[in-house]
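Atoms within each ligand, like the ligands themselves, are counted from 1 in listed order.
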Amino acid sequence: MNPNMRKTIISVVIPVYNEQANLPEMYSRLRMVLDDMGRPYEIIFVDDGSRDKSRELIRGFVSTTPAVRGLFLSRNFGHQPAIAAGIDHAQGDCVILMDCDLQDPPELIPSLVSAWEQGNQVVFAVRKKRKESLPKRAAYRLFYRLLQRLANIKIPLDSGDFSLIDRQVADLLRKMPERNRFIRGLRSWVGFQQIGIEYERAERYAGEAKYTLTKLLRLAFDGFVSFSYVPLRIAFWFGCFSFALSFAIGVWAAYERLTYGNAPQGWTSLMVVMTFLGGTQLMLAGIVGEYIARIYDEVKQRPYYIVGQEIGRK
Ligand code: UDP
Ligand code: MG
């Protein structure tokens, strides 16, 4: 590396999955903002196994600008692993995480950076308004409120992955071995001085959301399971409740038998109780299974992303 080169101060990490329609606009707006700031920077595009022209576009950016780097993952690993790959390879004193669809406006970067320079190690962007469909907004609302209630750490409401993290925090995230990564949770978990900055979340500039409903549910589940034991504890409280209930019914049945000589009868009530208990037991076993699956994931120690190719100057 050229010894006269100034050290990178700002790294911008952008996960990309089939974003050919957004990349050129995203790149030019980002470049404009970063060039205006006049600080050394690097842009890292993490291509998460795109099958469209995204990789060619990234190659184009890399070939014309030394400040751009590309990490091409060997297949689609998902948004969170792609961000993790970017954080692992970033060299800046601070790392900015943002999506490729311009829902996270690059124009907010100067505010993020100035909050960082005022001594905040984590600066996360908080969505003031969402321009998305009503059911999606309602689902997000519910998710963030529930997570806030159930999680054993305080995850700020309505803050996504769009954020700036200090080098110190980036290094901590790198050292965390978790496979099922819920970055906005981990980012909160590390502590330090954190601050939220409000912004208006735009609509996707072009293309379809790459998060399918199942992927979103998966992410939501990751959030709950990684940061809360409440689902596990439900089983315990439910068990206590049915134990108390069965005890009460037993006492009542004995009383009926001894004083009036009649045994309580009824096929219907029995069936209801049986199916209800059977159902809840299976459901709770499923929840326990979910935690076990995650333990299994951790034990296997497989990497959570694989970089197939790395382009651009380090
Ligand atoms: N993304 C990714 N891998 C995936 C899905 C999405 O790298 O498997 C990227 C995508 O290209 C975008 C960001 O993650 O830059 C957020 O995706 P999307 O806009 O679909 O999510 P939403 O904004 O709906 O939460
Ligand atoms: Mg988006």
Novice: For ligand 1, does Glu19 get within less than 4.0 Å through its side chain, its backbone, both, or neither, judged by non-hydrogen atoms?
Specialist: side chain

Novice: May I ask you to list the atoms of ligand 1 that are less than 4.0 angstrom from any heavy atom of Asp101?
Specialist: 19 (O), 23 (O)

Novice: With salt bridge (Lys or Arg N to Asp or Glu O under 4.0 Å) as the test, would you mind laying out the steps for Glu290 and Arg294 before giving the verdict?
Specialist: CA-CA 6 Å; Glu290 195 61 44; Arg294 274 144 217 272; 2.9 Å; yes

Novice: Is Ala82 close to ligand 1, meaning an N/O of one under 3.5 Å from an N/O of the other?
Specialist: no

Novice: For Thr65, which residues count as a side chain to side chain donor-acceptor pair (under 3.5 Å) partner, sequence neighbours excluded?
Specialist: Tyr27, Arg31

Novice: Would you kindly specify which portion of Arg201 sits under 4.0 Å from ligand 1, judged on non-hydrogen atoms: side chain, backbone, both or neither?
Specialist: side chain

Novice: Quick check on Lys300: does its NZ atom have over 12 non-hydrogen neighbours (other residues, nucleotides or ligands) under 6.0 Å away?
Specialist: yes

Novice: On the ring face of Phe77, is Arg75 found with NZ or CZ under 6.0 Å from the centre and within 45° of the axis?
Specialist: yes

Novice: Counting each atom of ligand 1 from 1 as listed, which ones have a heavy atom of Asn76 under 4.0 Å away?
Specialist: 3 (N), 4 (C), 8 (O)

Novice: Over 60° means perpendicular and under 30° means parallel, so classify the ring planes of Phe241 and Phe238, tilted if in between.
Specialist: tilted

Novice: Between the Mg ion (ligand 2) and Asp101, is there an N, O or S atom separated by less than 2.8 Å?
Specialist: yes

Novice: Could you tell me whether Val16 approaches ligand 1 through its side chain, its backbone, both or neither, with non-hydrogen atoms closer than 4.0 Å?
Specialist: backbone

Novice: Of all the heavy-atom pairs spanning Tyr304 and Ala84, show the shortest one and how long it is.
Specialist: CE1-CB, 3.8 Å

Novice: Does Asp48 approach ligand 1 within less than 4.0 angstrom via side chain, backbone, both or neither, non-hydrogen atoms only?
Specialist: side chain

